[in-house]
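The structure appears below as structure tokens.
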Amino acid sequence: MRDEDELLTIGAFAARARLSAKALRLYDRLGLLAPAHIDEVSGYRYYRVGQVERARLVAMLRQLDMPLARVAEVLESADGPGSGDLLAAYWGDVETRFAAQRTLAAYLRARLSGRSSEMYEKFEVQLVDVPGHVVVTETRHALADELPVWIPASLGRLEEAAGTCGGVAGAPYVLYHSAVTMESDGPVESCVPVADEAAARAWAAAVRTGASRFRVRVEPARRLAYTRITKAQVAHPQILAPYEAVEAWMRREGWEYDGPCREVYFADWDAAGAEDPVCDVAFPVKRG
């Protein structure tokens, strides 16, 4: 028998792998590291010496707070070059999340220190009257980290549909019917103005099922209070500041809410640089 095929009791294996028996039972329950043999009579668990490295790898990946599904992916490719790429991709996601959290912490620190007004002064708020128009829309519930993928995909679908609805007749926008955070999922509605209401309703009827996300409606004329932001400022949590800046301006100037807040995307996103204006953060308003 090769040394790596030698069977060890769970206690001996735990000592060799520098893990606890409790951790090994957890890994087994999660499907990450099963015993090589379980005695049918006694129920004792035995592991092969050759499983030591896998056990240590699981433990180290979990120390990185890697989700179980991602751990399983790395383990499946542990003997190939792809495992390193999977780990690099995961850690890149972690660093991106930490960067966003660092930005949010700085933003909250400024708020808690009473310096909110300094942040709001960076944003110029203006009023604009928008005439009524027909929109094709798609609605879904989404968390904040899903929006960077869903919004462009959804607007792309609607802009393609607009080709059969008389063409795109204005800047696309996204409505937030309720808060969207990492814990609250909206819903969110993407909207593309179109030129031909009859054609739009025919399109909606053709694609509609009982649970269809697609709709057509006439958006009424509104007055919007808005501030213009750059591509870099669209990212969460940077985008929180312009939203609150517009709301602070509304309170100061005596305006009330008149509908869901929105982001109006008026520029070519892919062609824009980080400091190029691409979006208006806007609130429909009315006098109290």
Side-chain angles (χ1 to χ4, degrees), residues 123-144 146-181 184-197 200-201 203-204 213-236 238-247 249-250 255 257-272 276-286:
F123 301 98
E124 180 184 1
V125 180
Q126 302 181 62
L127 291 171
V128 62
D129 290 315
V130 178
H133 53 277
V134 178
V135 289
V136 290
T137 80
E138 180 180 5
T139 302
R140 70 161 288 180
H141 288 271
L143 298 175
E146 299 174 289
L147 295 182
V149 173
W150 183 77
I151 287 176
S154 176
L155 292 178
R157 287 189 289 270
L158 294 175
E159 288 173 346
E160 181 178 356
T164 64
C165 305
V168 176
Y173 54 93
V174 178
L175 299 180
Y176 294 90
H177 294 281
S178 186
V180 175
T181 65
S184 176
D185 62 355
V188 186
E189 183 180 20
S190 55
C191 305
V192 171
V194 296
D196 189 332
E197 180 179 354
R201 295 197 182 280
W203 165 80
R213 306 182 305 270
F214 300 102
R215 296 287 186 273
V216 173
R217 72 162 186 278
V218 176
E219 178 77 2
R222 295 186 186 277
R223 175 166 290 179
L224 301 179
Y226 74 95
T227 189
R228 186 152 290 183
I229 63 175
T230 66
K231 186 174 181 177
Q233 291 170 324
V234 170
H236 189 275
Q238 289 91 327
I239 200 168
L240 296 177
Y243 267 102
E244 294 191 357
V246 176
E247 290 181 294
W249 181 90
M250 289 167 55
W255 293 96
Y257 300 95
D258 191 29
C261 58
R262 60 196 63 196
E263 295 163 11
V264 183
Y265 293 94
F266 56 81
D268 184 335
W269 180 270
D270 292 332
D276 292 330
V278 297
C279 174
D280 290 336
V281 170
F283 286 81
V285 295
K286 62 183 179 181

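Remember, predicted model here, so these are calculated numbers, not experimental data. All heavy atoms count here, side chains included; hydrogens, waters and symmetry mates do not.
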task = Would you please classify the geometry between the Trp203 ring and the Phe214 ring as parallel, tilted or perpendicular, with 30° and 60° separating the classes?
result = perpendicular
Shortest non-hydrogen contact from [X] to [Y]?
X      : Y      : value
Val168 : Ala162 : CG2-CB, 3.7 Å
Thr227 : Pro242 : CG2-CB, 3.8 Å
Gly186 : Ser178 : O-CB, 3.0 Å
Pro260 : Pro284 : O-CD, 3.2 Å

ask   = What distance separates Tyr176 OH from Glu263 CD, expressed to the nearest 0.5 Å?
value = 3.5 Å
ask   = How long is the span from the SG atom in Cys261 to the CG atom in Leu175, to the nearest 0.5 Å?
value = 8.5 Å
request  = Would you mind listing every salt bridge (Lys or Arg N to Asp or Glu O under 4.0 Å) that reaches into residues 166-176, with sequence neighbours excluded?
outcome  = none
ask   = Is there any salt bridge (Lys or Arg N to Asp or Glu O under 4.0 Å) pair reaching into residues 161-180, and which pairs are they, with sequence neighbours excluded?
value = none
task = Only counting residues at least two apart or in another chain, list the ones meeting ring pair (Phe, Tyr, Trp, His ring centres under 6.0 Å) with Tyr257.
result = Phe283
task = Report the residues that fulfil ring pair (Phe, Tyr, Trp, His ring centres under 6.0 Å) with Tyr173, sequence neighbours left out, ordered by chain and then residue number.
result = His133
Partners meeting side chain to side chain contact (heavy atoms under 4.5 Å, CB included) with [X] (sequence neighbours left out):
X      : answer
Asp276 : Ala272
Asp270 : Asp268
His141 : Asp185, Pro187

message = Any non-hydrogen side-chain atom of Val278 less than 4.5 Å from a side-chain atom of Trp269?
response = yes
query = Are Glu146 and Val188 close enough that some pair of their side-chain heavy atoms sits under 4.5 Å apart?
reply = no
Hey, can you pull the donor-acceptor pairs under 3.5 Å for the side chains in residues 148-155, sequence neighbours left out?
residue : atom : partner : partner atom : Å
Ser154  : OG   : Glu138  : OE1          : 2.8
Ser154  : OG   : Ser190  : OG           : 2.3

message = Restricting to salt bridge (charged side-chain N to carboxylate O under 4.0 Å, His left out), what partner residues turn up for Glu189, sequence neighbours left out?
response = Arg217
ask   = Looking at residues at least two apart in the chain, or sitting in another chain, which of them share a salt bridge (charged side-chain N to carboxylate O under 4.0 Å, His left out) with Glu159?
value = none
Can you list, pair by pair, the side-chain donor-acceptor contacts under 3.5 Å of residues 123-131, counting residues two or more places apart and other chains?
residue : atom : partner : partner atom : Å
Asp129  : OD1  : Arg223  : NE           : 2.7
Asp129  : OD1  : Arg223  : NH2          : 3.4
Asp129  : OD2  : Arg223  : NH2          : 3.2

Side chain to side chain donor-acceptor pair (under 3.5 Å) partners of Thr230, counting only residues at least two apart = Gln233
request  = Can you spot which of Val192, Val194, Leu158 makes a side chain to side chain contact (heavy atoms under 4.5 Å, CB included) with Cys165?
outcome  = Val194
